[in-house]
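Step one of this worksheet: look at the structure below.
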Amino acid sequence: MLRYLPFLIVLALWIYAFIDCLNTPEEEVRHLPKVVWVIIVLLFGEVLIGPVAWLAVGKVRKGARGGSGSTPSEWHRGHKQDWVAPDDNPDFLKSLKDENAKDESMMKDWEADLRRREEELKQRDEGGPEDPTPPKP
């Protein structure tokens, strides 16, 4: 089993370099066009020259130092938190109060309309003089 290990490592590196080369945007490829790098990785993959060359000099690598926000902790230090939880957001809480006030006024209007209609039905049933609509024959 150990005699296959070098072959598997070479194959894994070859596949990784090939997929990395294909997924890299054209503007991040250095020294040669992307198509040439793909051909180099494919042709010289068995002897590791192509994949190692691609990983060493073919792609712009972002180092851990010098770049702004290269690590998650540096990125979090440099960026202000834009998202605020709804229960901490005063604009959201104000919009809830406004919606509640609007809903309450709508409910009062509906209740008043319901009372008015009930009164009209009562008067119509009693046949009172204030009956606005005469019965239909």
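How far CD1 of Ile40 is from CZ of Phe18: 13.5 Å, rounded to the nearest 0.5 Å. Considering CD of Glu26 and CD of Glu28, their distance stands at 10.5 Å, rounded to 0.5 Å. With rounding to the nearest 0.5 angstrom, the CG atom of Asp113 is 10.0 Å from the CD atom of Glu118. Here the CG-CG distance, from Asn89 to Leu93, works out to 7.0 Å after rounding to the nearest 0.5 Å. Atoms CD and CG, from Glu104 and Asn100 in turn, are 6.5 Å apart once rounded to the nearest 0.5 Å.
In terms of hydrophobic clustering, with Ile, Leu, Val, Met, Phe, Trp and Tyr side chains grouped at heavy-atom distances under 4.5 Å, Leu32 and Ile39 are assigned to a common cluster. If you chain together hydrophobic residues whose side chains sit under 4.5 Å apart, Val36 and Val29 fall into the same group. Residues Leu2 and Ile9 fall within the same hydrophobic cluster, defined by Ile, Leu, Val, Met, Phe, Trp and Tyr side chains chained together at heavy-atom separations under 4.5 Å.
Two residues are said to be in side-chain contact when any heavy atoms from C-beta on lie closer than 4.5 Å; Leu13 and Val52 meet this criterion. Using a 4.5 Å cut-off on side-chain heavy atoms (C-beta onward), Trp37 and Leu42 make no contact.
For Asp98 and Lys94, the salt-bridge test passes: some basic side-chain N is under 4.0 Å from an acidic carboxylate O.
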Check the pair Ile19 / Trp14 against side chain to side chain contact (heavy atoms under 4.5 Å, CB included), numbers first and verdict last.
-> CA-CA 9 Å; Ile19 292 173; Trp14 192 5; over 6 Å; no
For the pair Leu55 and Asp20, evaluate side chain to side chain contact (heavy atoms under 4.5 Å, CB included) and give the outcome as yes or no after the intermediate values.
-> CA-CA 9 Å; Leu55 295 173; Asp20 187 44; 4.1 Å; yes
Can Trp54 and Val38 be said to form a side chain to side chain contact (heavy atoms under 4.5 Å, CB included), step by step?
-> CA-CA 9 Å; Trp54 165 252; Val38 170; over 6 Å; no
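Using a distance-only test at 3.5 Å, with no hydrogens or angles considered, a donor-acceptor pair links the side chain of Lys34 to the main chain of Leu22. Arg30 places no side-chain N or O within 3.5 Å of a backbone atom of Gly58 that could act as its donor or acceptor partner.
Glu120 pairs with exactly one of Arg116, Gln123, Arg124 by the side chain to side chain donor-acceptor pair (under 3.5 Å) rule, that one being Arg116.
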